[in-house]
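One structure is given here, and the rest of the page talks about it.
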Amino acid sequence: SVGSWLAAERPVAEPGPAPGGNGGRRVPAPQRLSPAPPAEADAAMLAWAGGPLEGAAHGLFPTEWAWRRLSLGDLEAAARRRSLWQAPSGWAVAEPDEGTLEVTWLCTYPDEARVMLRALADVAASAGAERLHVYVPAVDWLRTVLDGAGWEVHPVEVLARAL
């Protein structure tokens with residue numbers, strides 16, 4: 001096994017616990033994600049390289065049906081597609097796909113993860129997505145955040161195969 005990951009999913013209409021008296025409406029996150037320009041890919045890569053998730057991910061991220069090492073070019077390309085998102089709580093590569101906002105890369109920290117996931121739910125709602133799906137390295141603090149917010153979480157083992 002090259003690494004352990006979590007595939008997590010939840011409906012967009014349920015980004016977290018509903019405060020009393022809000023009529024069941026979504027409560028926006030305290031931070032907003034905005035599309036990052038290509039020039040910001042360097043900062044995102046630097047944050048990833050020095051952050052807690054890069055080591056747990058072994059530098060990998062999912063691309064369609066395969067996993068490979070993340071490069072600066074991947075983040076620059078995502079920014080050109082307007083799929084690289086930034087906020088004080090972190091960075092993400094997120095793209096709509098048939099009613100789901102797919103998050104294939106996430107860079108955040110233990111004390112910011114809950115806010116980052118709520119901000120991603122806001123992006124999904126703005127994109128008209130019905131579901132939010134993320135792939136994240138299987139670290140205890142992310143699992144705790146996902147479980148606490150009611151996400152459906154499944155373990156994923158990434159295996160290496162020599163070509």
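As the structure is a prediction and not an experimental result, all values here were calculated from the model.
Applying the salt bridge (Lys or Arg N to Asp or Glu O under 4.0 Å) test to R68 and every residue at least two apart in sequence or in another chain returns D74. Every residue was checked against the salt bridge (Lys or Arg N to Asp or Glu O under 4.0 Å) condition with R82, not counting sequence neighbours, and none meets it. Shown here are the side-chain contact (heavy atoms from CB on, under 4.5 Å) partners of L72, two or more places apart in sequence or in another chain: A41, D42, M45, E76.
In this structure the side chain of T104 never reaches within 4.5 angstrom of the side chain of T63, judged on heavy atoms. Within the 4.5 Å cutoff, side-chain heavy atoms of L60 are placed close to those of R69. For the pair V12 and L101, the minimum side-chain heavy-atom distance is 4.5 Å or more.
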Sequence neighbours excluded and cut-off under 3.5 Å, please list the side-chain donor-acceptor pairs for residues 130-143, or say none.
unit_1	atom_1	unit_2	atom_2	d
R131	NE	E9	OE1	2.8
R131	NH2	E9	OE1	3.1
H133	ND1	E102	OE1	3.0
R143	NE	D147	OD1	3.2
R143	NE	D147	OD2	3.1

Please tabulate, for the side chains in residues 83-99, all donor-acceptor contacts under 3.5 angstrom to protein atoms that are two or more places apart in sequence or on a different chain.
unit_1	atom_1	unit_2	atom_2	d
S83	OG	E95	OE1	3.2
W85	NE1	A94	O	3.3
S89	OG	Q31	OE1	2.9
E95	OE1	R81	NE	3.0
E95	OE2	R81	NH2	3.1

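The CG atom of L75 sits 10.5 Å away from atom CZ of R80, with the distance rounded to the nearest 0.5 Å.
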After noting the C-alpha distance and the side-chain angles of L146 and L117, does the key distance pass the side-chain contact (heavy atoms from CB on, under 4.5 Å) rule?
-> CA-CA 9 Å; L146 292 165; L117 290 168; 3.7 Å; yes
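Residues V156 and W67 share a closest heavy-atom pair of CG1-CZ2, 4.3 Å. Across every non-hydrogen atom of A79 and A36, the tightest pair is CB-O, 3.4 Å. The minimum heavy-atom distance linking R32 with D122 is given by the pair NH1-OD2, 3.0 Å. For the pair V153 and A8, the tightest heavy-atom approach, listed with the atom from each and the gap, is CG2-CB, 4.1 Å.
Residue pairs meeting the ring-ring contact (aromatic ring centres under 6.0 Å, His included) criterion with at least one partner in residues 37-56, sequence neighbours excluded, are W48-W105.
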